[in-house]
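Proteins get letters first, then strands, A, B, ... in listed order; numbering begins at 1 in each.
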Amino acid sequence: MIRLTNTLARQKQPFEPLVPGQIGMYVCGVTVYDYCHVGHARVYVVFDVILRALQRLGYRVRYVRNFTDVDDKIIARAQKNGESCEALTERFIAAFHEDMDRLGCQRPDEEPRVTTHMAEIVSMVQTIIDRGHAYAVAGEFGGQDVYFSVDAFPAYGALSGRSQSDNQAGASERVAEDPRKRNQADFALWKSAKPGEPAWDSPWGAGRPGWHIECSAMSCKHLGPAFDLHGGGKDLVFPHHENELAQSKAANDAEFARYWLHNGFVTIDSEKMSKSLGNFFTIRDVLARFHPQVLRYYLLTAHYTQPLNFSDKALEEATRRVLYVSERLAQAEEILSRSGLMECPPCAPAQALLDEALDALADDFNTPKVLAVLAELMTLLTPAMAKPKVSENVATIARVHEVVQQLGHVLGLFWPSPAGLAAEIVESARTRLFPPESEQLAWVERLVAERTAARTGKDFSRADELRQELLRGGVEIRDTRDGTVWRPSLGEA
RNA sequence: GGCGGCAUAGCAAAGUGGUAAUGCAAGGGACUGCAACUCCCUCAUCCCCGGUUCGAAUCCGGGUGCCGCCUCCA
């Protein structure tokens, strides 16, 4: 039994899909005019885990996520860059895909674009007019604007929990009143074209869709007039999702989305990370310094509905954690490959922890709880790995490894292999901080060699001095049977 | 002004009526030439006040603080 926080119901409730075993999920995508920041990364990582969790719990999920490729900001940016809107949006769609691939997010089944769904959009606007929920007025440069009439839709406000009068006081003074609107809360379904802007033909003249209608039209086309899950960031609840809901129901008389999931913001110093505040880091900025799976792990350390504060410290902690688990799994794999164990007999404690983790996922996708279970699984490994020749222990290691890999798959972590990931994390930091042929690298190698010489000569005080110096320079030393190895410090305490 | 969310150890974060998961940090110990890695142990009564209850971090009322939405926003 899955339970989830439904914004529409304002509470956590049991989830029942329209069709048993099958789920339709629509998540609002990005407006493609710039690189995505960590706030975007959170939405898509969160919904990727939700997708994977639903799949793991036995559902077939049809996942749809749109691209908004017609918009004021796109037009403005394209003009500023002196390029076409198409060139701009293609570029940032490619960049988005690249970011998502690096973060390990599965591609949705459909990624509809506004520009390829004009017929559906126009048709839906017409239907809404025909049903008396919208009206056309004269546009600024000829043609007509079409507005949705909130007064003709009594249920307006159901999702965000506001009455129509709520929106007036205080807020309206910030927006110039439009005398053509019957109610100032009415919003555009179709905007007549301004000179020089991209436009499409319609019964109301050349123009383009309002922001909200695209999602109504595209979700309807790809998931039908009623479907299960609709998601996005909390900032979309009002007005975007409220308007989508009103339009869709006005057009189709169907239930539209039954459960609405909204994730909390990524914050910086407790303030929302956003373009307008300028306090954002792009995904690329962050991935230049931290491994994608480290960012992904960090994004799952808080429950998706809660705010998540962004900081280097948090990313550094995530780095240590992901590296620790990867290395332990890699060790386990070594032991297993040497043992020649073919079967994987059951291990009650590991099974219990797996069940606990799956229950946590079913309970509103509680990833922090899953990570806690993961930690407990790792401690289960300790006594077994201390005596890796005992066959009972090998069985435990095999089972725990298997369970952790399963959880890793749901979380999208520890791929392509634990050993591979651990190496990537260390090597990428090494290459970044101590590039080949660099002075820094030469410095490290010189001091390491000096220290080895000192140790060989039993000059331990000199050796310790050198280690301290390396540590101050961001290098950790480790003496092994095969000699001394070093790695960059991965974030200090 | 309207609507909504949150407040748990030094930090982060689960927990929605039965006597506080987990991670990081910190302290102690094992290991080590010394370290690192790893392992073991220790470390909170849950913003304040009042109420309901045999029993509340968890429910209700009242405060205080922080944040968000109401304009583009993930």
Side-chain angles (χ1 to χ4, degrees), chain A residues 7 10-12 27-31 36-47 71-73 157 160-163 165-176 185 211 231-240 242 262-267 269-277 280 297-298 301-303 305-309 311 313-314 316-318 320-321 323-325 327-328 331 356 360 363 366-376 378-379 382-383 385-386 455 458-461 463-465 467-468 470-471 475-480 484-487 489 491-493:
Chain A
T7 307
R10 256 163 277 288
Q11 62 181 343
K12 205 196 274 193
V27 174
C28 283
V30 289
T31 300
C36 287
H37 59 62
V38 179
H40 300 109
R42 184 177 192 192
V43 184
Y44 303 116
V45 165
V46 159
F47 281 98
D71 167 85
D72 289 343
K73 292 189 293 293
S160 58
R162 344 177 162 228
S163 65
S165 54
D166 284 347
N167 293 316
Q168 297 309 313
S172 60
E173 60 201 41
R174 283 188 286 170
V175 182
W211 174 34
K234 268 187 158 66
D235 46 2
L236 295 184
V237 175
F238 189 90
H240 184 56
E242 189 71 73
H262 291 100
N263 68 277
F265 301 131
V266 174
T267 60
D269 296 330
S270 298
E271 287 200 319
K272 180 186 175 187
M273 178 183 288
S274 73
K275 288 251 167 164
S276 43
L277 286 173
F280 64 90
Y297 180 98
Y298 152 76
T301 55
H303 186 84
T305 55
Q306 297 301 120
L308 177 61
N309 205 46
S311 69
K313 189 183 167 198
E316 283 160 4
E317 187 177 326
R320 285 193 290 273
R321 208 51 207 154
L323 188 59
Y324 166 79
V325 176
E327 289 185 329
R328 294 243 89 191
Q331 282 171 25
E356 200 180 332
D363 185 12
N366 191 340
T367 56
K369 181 77 184 291
V370 176
L371 296 180
V373 172
L374 180 63
E376 297 196 54
M378 299 315 284
T379 67
T382 299
M385 295 206 351
R455 290 181 74 227
K458 304 276 184 206
D459 185 355
F460 292 121
S461 65
D464 291 352
E465 267 176 41
R467 191 187 50 240
Q468 284 306 316
L470 283 161
L471 206 52
V475 175
E476 285 173 9
I477 289 287
R478 192 170 160 193
D479 297 320
T480 72
T484 298
V485 296
W486 67 273
R487 69 159 57 152
S489 306
E492 54 284 3

query: Is it true that A:K369 and A:D363 have a side-chain N and a carboxylate O under 4.0 angstrom from each other?
result: no
- prompt: So which nucleotide does B:C39 pair with, by the Watson-Crick or G-U wobble rule with both distances under 3.5 Å?
  reply: B:G29
message: When the C1' atoms of B:U38 and B:C31 are compared, how many Å lie between them, rounded to an integer?
response: 8 Å
message: Tell me whether the side-chain N or O atoms of A:D479 pair up with the base of B:C34 as donor and acceptor below 3.5 Å, since no angle test is needed here.
response: yes
- prompt: Across all strands shown, which nucleotide pairs with B:A14 by Watson-Crick or G-U wobble geometry, both distances under 3.5 Å?
  reply: none
- request: Could you work out the separation of B:A36 and B:A74 based on their C1' atoms and round it to a whole Å?
  value: 41 Å
query: How is A:A375 classified with respect to the nucleic acid when contacts are heavy atoms under 4.0 Å: base, sugar-phosphate, or nothing?
result: sugar-phosphate
field: Rounded C1' spacing from B:G61 to B:U22 in Å
entry: 34 Å
query: OH/A:Y298 to CG/A:N309 distance, rounded to the nearest 0.5 angstrom?
result: 6.5 Å
field: Inter-nucleotide P distance (B:G65, B:A25), Å rounded
entry: 35 Å
task: Considering only NZ, NE, NH1 and NH2 on the basic side and carboxylate oxygens on the acidic side, decide whether A:R487 and A:E327 come within less than 4.0 Å.
output: yes
query: Paired with B:G65: which nucleotide, if any, by Watson-Crick or G-U wobble criteria at under 3.5 Å for both distances?
result: B:C6
query: Looking for any heavy atom pair under 4.0 Å, which part of the strands does A:R467 touch: base, sugar-phosphate only, or nothing?
result: base
task: Pick the C1' atom in B:U16 and in B:U53, then give their distance to the nearest Å.
output: 16 Å
Distance, P atom - from B:C43 to B:C49, rounded to whole angstrom: 26 Å
- prompt: Which residue, A:V43 or A:T301, contacts RNA chain B at a nucleotide closer to its 5' end, judged by nearest heavy atom?
  reply: A:T301
- request: On RNA chain B, check which nucleotide each of A:R328 and A:N309 is closest to and give me the residue with the more 5' one.
  value: A:N309
- request: Look at the side chain of A:R455 against the base of B:G33 and say whether a donor-acceptor pair falls under 3.5 Å; ignore hydrogens and angles.
  value: yes
statement: Here the distance between atom P of B:G15 and atom NZ of A:K369, to the nearest Å, is 8 Å
- line: Across every strand shown, the nucleotide meeting Watson-Crick or G-U wobble geometry with B:A21 (both distances under 3.5 Å) is none
query: Atom CD of A:Q306 to atom P of B:A7: distance rounded to whole Å?
result: 6 Å
- prompt: Given the P atoms of B:G63 and B:C11, what is the spacing between them in whole Å?
  reply: 28 Å
task: Using the P atoms only, state how far B:G51 lies from B:U58, rounded to an integer number of Å.
output: 14 Å
- prompt: Does A:D464 make a side-chain donor-acceptor contact with the base of B:G33, cut-off 3.5 Å?
  reply: yes
message: Can you measure A:E271 atom CD to B:C6 atom C1' for me and round it to whole angstrom units?
response: 16 Å
task: Measure from OH on A:Y324 to P on B:C24 and round the result to the nearest Å.
output: 8 Å
